[in-house]
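All remarks here apply to the structure that follows.
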Amino acid sequence: MRRGRHRGVGRGGMAAVLAALVAAGCSRSPREQARMELLSVRSWAASAQMVGERWMERAVPDRYAKRALASFVKKIESERSKASAADLPARAKAHIVAAFDSTARATDSLLRVVERGDRAAAAHITARLAARARDAHSMSERLRAK
Amino acid sequence: MKQKILQLTLGVVTSIGGFLEVGSIATSAQAGASFAYQLIWPVVLGTIVLIFLVEMSGRLAAASKLTVSGAMRDRFGFDYFVVPLVTLSVVIYLVLAAEVGGAAFALQLVTGISYRWWAVPVALLVWLILWAGPFSAVERWVPLVGLVTVVFLVGALELNLDWGALAHGLIPTMPSHDGLHYWFLVVNILGATIAPYLMYFYSSGAVEGKWDESYIGINRVIATIGMSFGALLAVAVLVVCARVFEPAGMRMEGYDQIALMLTGALGSWGFYLFAASLFVGCLGACLEIALAVAYMTAQGLGWRWGQDEEPRKVPRFVLVYTVLLALAPWLIVLGVSPLQVTSMSMALTAATLPVAIIPFIVLMNDPVYVGKHTNGWIGNCVVLFTIVMACILAVVTIPLQLLGGG
């Protein structure tokens with residue numbers, strides 16, 4: 001009985017060590033973390049842009065576009081808060097927070113335009129979002145190259 | 001023979017309800033958006049394993065007239081059986097909550113009313129179908145309505161596919177970026193694909209269908225075609241997302257984003273057909289999961305069971321799925337994101353795989369249960385490989401969920 005219990009503890013211990021090794025081997029450096037934040041900016045900007053474009057093409061209903069954009073604004077703001085609290089290089093952090101801010105503003109503007117049903121204005125804002133996504137992508141690529 | 005061919009619907013219903021459901025749609029979408037075609041291999045690997053396990057479940061049922069749960073309880077005793085019963089019931093509850101969330105979200109897409117308001121009506125609808133409909137009706141209608149999910153295949157073929165890159169995705173490769181997220185998705189895809197409740201549901205369906213040893217041949221065909229059909233659709237979802245979202249750098253962090261996948265290729269039809277597919281897939285899965293838990297509990301505890309029986313004749317069997325469906329919507333009603341519930345449930349499914357799969361190696365080699373239809377060396381190698389893989393997944397799942405989930 002006692003031997004069985006010892007074997008059980010051994011297997012549990014081995015599992016914990018393996019799990020810890022996986023976790024340790026996979027932890028991110030501050031530069032990698034900064035790159036991930038920029039990819040998040042790019043993803044949200046591109047998502048809002050795609051919703052705007054599909055709405056202009058009448059491929060998605062107004063109610064979906066409004067709800068999706070409102071939820072994107074909340075998520076971008078939440079990501080921005082996390083980034084500003086994260087342990088990142090100061091200069092990179094400033095860039096990232098500014099990028100989240102401008103993406104949130106552009107997404108919010110798109111939401112208002114959708115609420116007004118103004119498809120012409122939406123084209124202008126989706127172009128701005130596309131530029132935000134490109135900027136974030138090129139910054140993340142620069143970080144990767146370093 | 002006609003009856004046996006009709007049994008093919010059991011494979012298709014198992015596949016639609018258990019394969020192309022919210023977990024497969026979400027994980028395939030996330031994989032395609034983040035890594036293009038690079039994660040096709042876990043879908044294929046999981047499908048091969050699943051075909052073998054589902055075939056074994058059917059063979060066990062046909063040869064022994066026992067379901068997987070019944071045979072497990074009979075062979076290992078109640079003290080062992082209670083471990084998978086409790087572990088899998090907890091995980092399956094989360095999977096059911098995710099499916100209810102998926103169906104509720106599909107209704108939000110169409111109506112504009114928040115998914116939180118739809119969770120209870122969805123659970124009620126599932127309960128009503130189970131209460132009113134016999135197993136044969138579920139078998140007949142789910143594959144028919146489920147054909148809408150073929151839209152993912154149409155969507156994939158509408159896009160200009162890079163067939164070379166697609167074929168390259170069949171070969172496991174190391175990620176060029178974001179390794180944590182890559183392995184997190186591998187685990188989730190395997191968890192979404194090798195769902196233990198599929199085996200319990202399928203073997204119970206075979207017993208309800210009164211399979212005998214003459215079904216063992218057609219069982220292979222049913223398992224292979226049914227699961228391959230589901231896998232093809234899951235790969236189609238991945239491929240569409242690889243073509244639509246990956247070039248834009250979009251990472252799938254909510255169903256709001258995933259809902260756009262077919263709009264580029266099919267316009268507004270794509271939007272509504274996506275909602276219909278999500279709803280049908282999740283509804284099929286809800287039916288299957290609720291029944292699987294009821295089957296497993298009733299068979300394990302020796303209660304009278306059967307979806308073809310009148311509810312008043314199998315009160316405790318009905319009580320199990322009633323309680324489960326009464327509890328399922330509340331995570332969603334309380335505002336937990338359906339995608340978060342999905343990710344968590346798929347990861348936990350992967351973590352509990354050893355408990356569900358280890359008994360197979362014993363049962364499928366015991367002539368008392370399967371007579372002369374014991375596993376060949378290929379079947380045993382696949383089960384052993386799956387057990388080893390399941391043990392690795394069980395260890396790495398939680399760290400990956402914590403570190404790679406975002």
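By convention in this document, chain letters (A, B, ...) are assigned in the order of the sequence lines, proteins followed by strands, and residues within each chain are numbered from 1.
Contacts between A:Arg35 and chain B at a heavy-atom distance below 4.5 Å involve the side chain alone, from C-beta outward. The contact between B:Tyr272 and chain A is made entirely by side chain atoms (from C-beta outward), counting heavy-atom distances below 4.5 Å. For B:Leu262, no part lies near chain A; criterion is any non-hydrogen pair under 4.5 Å. Contacts of A:Lys75 with chain B are made by side-chain atoms alone, with heavy-atom separations under 4.5 Å and no backbone atom involved. Only the side chain of A:Arg54 comes within contact range of chain B, judged by heavy atoms closer than 4.5 Å.
Side-chain contact check for B:Val244 versus A:Met50: some heavy-atom pair is nearer than 4.5 Å.
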Practice problem: Walk me through it: do B:Gln108 and A:Tyr64 pass the test side chain to side chain contact (heavy atoms under 4.5 Å, CB included)? | Solution: CA-CA 8 Å; B:Gln108 175 185 302; A:Tyr64 160 78; over 6 Å; no

Practice problem: Evaluate the criterion side chain to side chain contact (heavy atoms under 4.5 Å, CB included) for residue pair B:Glu253 and A:Phe72; output intermediate values, then yes/no. | Solution: CA-CA 10 Å; B:Glu253 291 176 48; A:Phe72 291 174; over 6 Å; no

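Your options are B:Leu109, B:Thr263, B:Leu266, and the one with the most heavy-atom pairs under 4.5 Å with chain A is B:Thr263. The most heavy-atom pairs under 4.5 Å with chain B, out of A:Ala68, A:Ala45, A:Ser47, come from A:Ser47.
Heavy atoms only, all atoms of each residue included: A:Ser43 and B:Arg251 are closest at OG-N, 2.8 Å. Across all non-hydrogen atoms, the minimal contact from B:Val110 to A:Arg63 is O-NH2, 2.5 Å. The two residues A:Ala59 and B:Phe271 come nearest to each other via the heavy atoms O-CB, 3.6 Å. Nearest heavy-atom pair, B:Ser114 versus A:Arg67, reported as atom, atom and distance to 0.1 Å: N-NH2, 3.4 Å. Residues A:Ala46 and B:Ala248 approach most closely at CB-O, 3.4 Å, considering heavy atoms.
Atom CZ of A:Arg119 has more than 12 neighbouring heavy atoms from other residues, nucleotides or ligands inside a 6.0 Å radius.
Here the straight-line distance linking atom CG of A:Leu39 with atom CE of B:Met250 works out to 14.0 Å at 0.5 Å rounding.
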